[in-house]
Q: 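Mind looking over this structure? Questions follow.
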Number of protein chains: 2
Amino acid sequence: MDLDDRKLKILQAIIKNYLETGEPVGSRTISKYTDLNLSSATIRNEMADLEELGYIVQPHTSAGRIPTDKGYRLYVDTMMQEKVDEVNNMRDDLLEKADRMENLLQQVAKLLAANTNYATMVTTPKYRSRKIKFIQLTDVDAYQVLAVIVLEGNIIKNRMFRSDVALVKEDVLKLNLALNTFLQGLDIEEINIGLVQKLKSQVGAYQELVSEILDAIATAIQEEGDIRVYTSGATNILKYPELSDMNKARDILSTLENKEELTQFVESGDIKPDEKRGIQVYIGDETKVDSMKDCSVVTATYEIEEGIYGKVGIIGPKRMDYERVVGTLQNMMGQLDDIFKNKKP
Amino acid sequence: MDLDDRKLKILQAIIKNYLETGEPVGSRTISKYTDLNLSSATIRNEMADLEELGYIVQPHTSAGRIPTDKGYRLYVDTMMQEKVDEVNNMRDDLLEKADRMENLLQQVAKLLAANTNYATMVTTPKYRSRKIKFIQLTDVDAYQVLAVIVLEGNIIKNRMFRSDVALVKEDVLKLNLALNTFLQGLDIEEINIGLVQKLKSQVGAYQELVSEILDAIATAIQEEGDIRVYTSGATNILKYPELSDMNKARDILSTLENKEELTQFVESGDIKPDEKRGIQVYIGDETKVDSMKDCSVVTATYEIEEGIYGKVGIIGPKRMDYERVVGTLQNMMGQLDDIFKNKKP
DNA sequence: GTTAGCACTCTTTAAAGTTGAGTGCTAATA
DNA sequence: TATTAGCACTCAACTTTAAAGAGTGCTAAC
């Protein structure tokens, strides 16, 4: 027995209906609301076959059928025809409020949540490495100095330091020069003890200060390497009865709140294969996150420049509206492309 | 009929028991587990009185009693004796991970949530006004310039700008000087059109750039004036059955996620009256937030310097362990005081 | 190959009955 | 006069039973 065209059509109808209602779908429903013109009995026979093939199951003997993960998978892979999403003016909303990367990403999460009624996540871009572009010291007053550290890719970090000895303007300039000479263009691994010693030997009374600054630089590079995750619309999860069981809901919400497990999606998945925006669909157990075994996650990849990319994800029930979600994500990725190309925030 | 000592003792016993169990408390329980040595019948008589006085109610005729908001209020105001909390090494945890204000506050929220099993919120400090301390322009390359804006209180903001005309090193220095001459020490209201015109007339080809920078400064000051709110442990709410009703839970979690309504607690309440750390207890409707009418919120005030303060809040069920919460908060406020006094992050 | 028809299964919902915690009141007691 | 024992009463919560309804699988006819 194989999956012929008619079986495929029936499976599609079952899934579509289940996506809408969240209720098991019976043979009569399919018989009435498709143009196949088959009686419910015939549908029943076909359904029995589809069940044997593993695409659908009955929650209990006298109930309709619901799709299995395998069924959803087939649907997503072959049957779904993407719907171009109507959310067109997201971009204006984005530009209006967000003029910096972090805000922008947070805004993206928020907009998607508002538009889809699912939970959303956005990760910060992942860089391969981070080199020091330059360091700028400024004396704020006699005992305080401001250090601005600029990393490759124009990531800017600043820290205020307090010196024990009174600062001399010329010394600060010299220090600035020394730091830049030694550190410019270096990655964190390249800052070794020898280098630090050599640097310290040149700075006279400011050894303490230099130490602190070096620490700060290390921290800055480190934390820029970490992927941060923004989420939004977590409470949308509670809108779907099949996830609203107190224990499931707590687990899912807690995963969303803690965020660590979500970075998992950054590692996995292809990276932007063709113009499909690297869209990836994880169904149930495919998420590899235990608390999400009753959810599906759809992720897309955005790229801010060659090789530097992050992920946007939509988290909902397995019966999420895949077409709409994929459409919305493609749309959003397009908007992000525009923004990153034209006007770097 | 008035509230004599015995009634008070009984009320206290009822509330204590209810805080622990979350179940209505019957006369027999009180009779057995207090040292009053009274029969359940006597307790019943007293309970009837307490009900008439408005301190307790019965959820239904044949149930035990639970405290009313008025009952909780009396308890919090007069009967509660603060327990010094055992969470002593929070401070080390704090200092280890957090070297910047935002991180620190987020960390505070997280720690409190982990230690209390309630949801928590922390607001950023509220400043009365924000003056420009100085501005530092640096040319990154021929077309990009980095502006670092330092506000009073050492708030640092930075932005990268792209210039249409190629940048000349000396010009950037001049621009820097001009900006500082005109803007240093000014608040946002003081930057008027006349001033802007005058400034622009001095900068030759860089008018466009100056415009952008001024905009950025305005935005920076503005957003620093906004109070941000960090929350943590929102999912703890779901641990309490009386809040786990799907609708209540959604409303509360959604309030916590959106955060706007939470700033409400910053406005209200006394500001640090004596060494009680400005601890304030809002019970049920007292929160003035509709979704929280079944919750209590305990807030405390931290002060980073004279007159600049923010709030820390614990959000839980009405039957939250007030003593422990107040103790924990006082402890935490103490730790924060230490940190802000010794080592400004 | 398709379909009508029917017995069967199993969830869902409602109704009815049972239990038990806790009350209020009364009359007896210290 | 304050306290207590005792008892009838109430009501939510749980259990049991019954009925309804949706949907299936199978058989026999088309």
Side-chain angles (χ1 to χ4, degrees), chain A residues 1-11 13-15 17-18 20-68 71 241-242 244-245, chain B residues 1-11 13-15 17-18 20-68 71 241-242 244-245:
Chain A
M1 176 179 48
D2 64 336
L3 200 62
D4 59 31
D5 195 51
R6 195 171 74 178
K7 283 190 176 49
L8 215 62
K9 277 205 176 111
I10 292 172
L11 179 56
I14 293 171
I15 296 182
N17 190 289
Y18 184 70
E20 274 173 38
T21 63
E23 298 288 320
V25 187
S27 54
R28 190 127 186 291
T29 315
I30 300 298
S31 159
K32 265 204 279 191
Y33 300 106
T34 58
D35 46 7
L36 290 167
N37 273 49
L38 293 169
S39 76
S40 64
T42 313
I43 302 289
R44 273 204 290 286
N45 292 333
E46 295 287 47
M47 275 176 156
D49 291 351
L50 283 170
E51 179 153 13
E52 202 177 324
L53 288 166
Y55 294 108
I56 50 179
V57 281
Q58 291 180 281
H60 56 87
T61 343
S62 68
R65 305 305 210 284
I66 62 174
T68 59
E242 66 266 47
S244 296
D245 170 78
Chain B
M1 176 180 44
D2 64 338
L3 201 61
D4 59 30
D5 195 50
R6 195 171 73 176
K7 282 191 177 49
L8 216 59
K9 275 202 177 114
I10 292 172
L11 179 57
I14 294 171
I15 296 182
N17 191 288
Y18 184 70
E20 273 172 40
T21 64
E23 299 287 322
V25 186
S27 55
R28 191 129 183 287
T29 314
I30 300 298
S31 157
K32 265 204 280 192
Y33 300 106
T34 57
D35 48 4
L36 291 166
N37 274 47
L38 292 169
S39 76
S40 62
T42 314
I43 303 290
R44 276 203 288 287
N45 292 333
E46 294 289 44
M47 277 176 156
D49 291 352
L50 283 169
E51 179 153 12
E52 201 177 327
L53 288 166
Y55 293 107
I56 50 180
V57 281
Q58 290 180 283
H60 55 87
T61 343
S62 67
R65 304 313 211 277
I66 62 176
T68 58
E242 66 266 47
S244 295
D245 170 77

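Proteins come first, then strands; the chains are lettered A, B, ... in the order of their sequence lines, and each starts at number 1.
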Q: Does B:Ser27 reach a base, just sugar-phosphate, or nothing at all? Heavy atoms under 4.0 Å.
A: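 Sugar-phosphate: the residue B:Ser27, judged by heavy atoms under 4.0 Å, touches backbone atoms but no base.
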
Q: Pick the closest DNA chain D nucleotide for B:Thr61 and for B:Asn37 by heavy atoms, then say which residue is nearer the 5' end.
A: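 The residue whose closest nucleotide sits nearer the 5' end is B:Asn37.
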
Q: Atom OG1 in B:Thr68, atom CG in B:Leu50: separation rounded to 0.5 Å?
A: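 Interatomic distance, B:Thr68 OG1 to B:Leu50 CG, rounded to 0.5 Å: 10.0 Å.
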
Q: Quick one: B:Glu51 CD to C:dT23 P, roughly how many Å, whole number?
A: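 About 10 Å, once rounded to whole Å.
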
Q: Kindly compute the distance separating CZ (A:Arg44) from CG (A:Leu38), expressed to the nearest 0.5 Å.
A: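 Answer rounded to 0.5 Å: 12.5 Å.
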
Q: Quick one: B:Lys7 NZ to D:dA2 P, roughly how many Å, whole number?
A: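 In whole Å, D:dA2 P and B:Lys7 NZ are 10 Å from each other.
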
Q: Taking the side chain from A:Thr21 and the backbone from A:Asn17, do they hold a donor-acceptor pair closer than 3.5 Å?
A: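 Yes.
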
Q: Strictly below 4.0 Å: does B:Thr42 bring a side-chain N or O up to OP1 or OP2 of D:dT3?
A: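 So the side chain of B:Thr42 is outside the cut-off, no N or O lying under 4.0 Å from OP1 or OP2 of D:dT3.
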
Q: Can you tell me the distance, in whole Å, between the CD1 atom of A:Ile56 and the C1' atom of D:dT24?
A: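 Answer to the nearest Å: 12 Å.
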
Q: Could you give the CD1-to-P distance, from B:Ile43 to D:dA2, as a whole number of Å?
A: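 Answer to the nearest Å: 16 Å.
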
Q: Between atom CG of B:Asp35 and atom NZ of B:Lys9, what is the distance when rounded to the nearest 0.5 Å?
A: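 Answer rounded to 0.5 Å: 7.5 Å.
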
Q: Report the distance from atom CD1 of B:Ile66 to atom C1' of C:dT23, rounded to the nearest whole Å.
A: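 So the CD1-C1' distance, B:Ile66 to C:dT23, works out to 16 Å.
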
Q: Please confirm whether the backbone N or O of A:Arg6 pairs with a side-chain atom of A:Asp4, one donor and one acceptor, at under 3.5 Å?
A: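 Present.
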
Q: Generate the contact string for nucleotides 25-30 of chain C. Rules: B means base contact, S means sugar-phosphate contact only, - means no protein heavy atom under 4.0 Å.
A: ------

Q: For A:Tyr55, which of A:Ile10, A:Asp49, A:Leu3, A:Ile15 qualifies under side-chain contact (heavy atoms from CB on, under 4.5 Å)?
A: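 Only one of A:Ile10, A:Asp49, A:Leu3, A:Ile15 forms a side-chain contact (heavy atoms from CB on, under 4.5 Å) with A:Tyr55, namely A:Leu3.
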
Q: From CD of B:Glu46 over to C1' of C:dT23, roughly how many Å is that when rounded to an integer?
A: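 Atom CD in B:Glu46 sits about 16 Å away from atom C1' in C:dT23.
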
Q: Between the protein and nucleotides 11-18 of chain C, list every N/O to N/O distance that falls short of 3.5 Å.
A:
none

Q: Between A:Glu51 and A:Val57 (side chain of the first, backbone of the second, donor and acceptor by atom type, cut-off under 3.5 Å), is there such a pair?
A: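 Not at all, since once roles are kept as given, no pair shorter than 3.5 Å links the two residues.
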
Q: For B:Leu38 and D:dA2, give me the distance from atom CG to atom P, rounded to whole Å.
A: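 From B:Leu38 CG to D:dA2 P: 13 Å.
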
Q: Under 4.0 Å between a side-chain N or O of B:Arg65 and OP1 or OP2 of C:dT23?
A: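 For B:Arg65, the contact criterion (side-chain N or O under 4.0 Å from OP1 or OP2 of C:dT23) is met.
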
Q: Rounded to the nearest 0.5 Å, how far does CG of B:Leu11 lie from CD of B:Glu46?
A: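 So the CD of B:Glu46 and the CG of B:Leu11 are separated by 11.0 Å.
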
Q: Is B:Ser27 reaching over with its side chain to a backbone N or O of B:Ile43, donor-acceptor style, under 3.5 angstrom?
A: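 Here the side-chain-to-backbone pair does not exist.
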
Q: Rounded to whole angstroms, how far apart are CG on A:Asp49 and C1' on D:dT24?
A: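 Atom CG in A:Asp49 sits about 14 Å away from atom C1' in D:dT24.
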
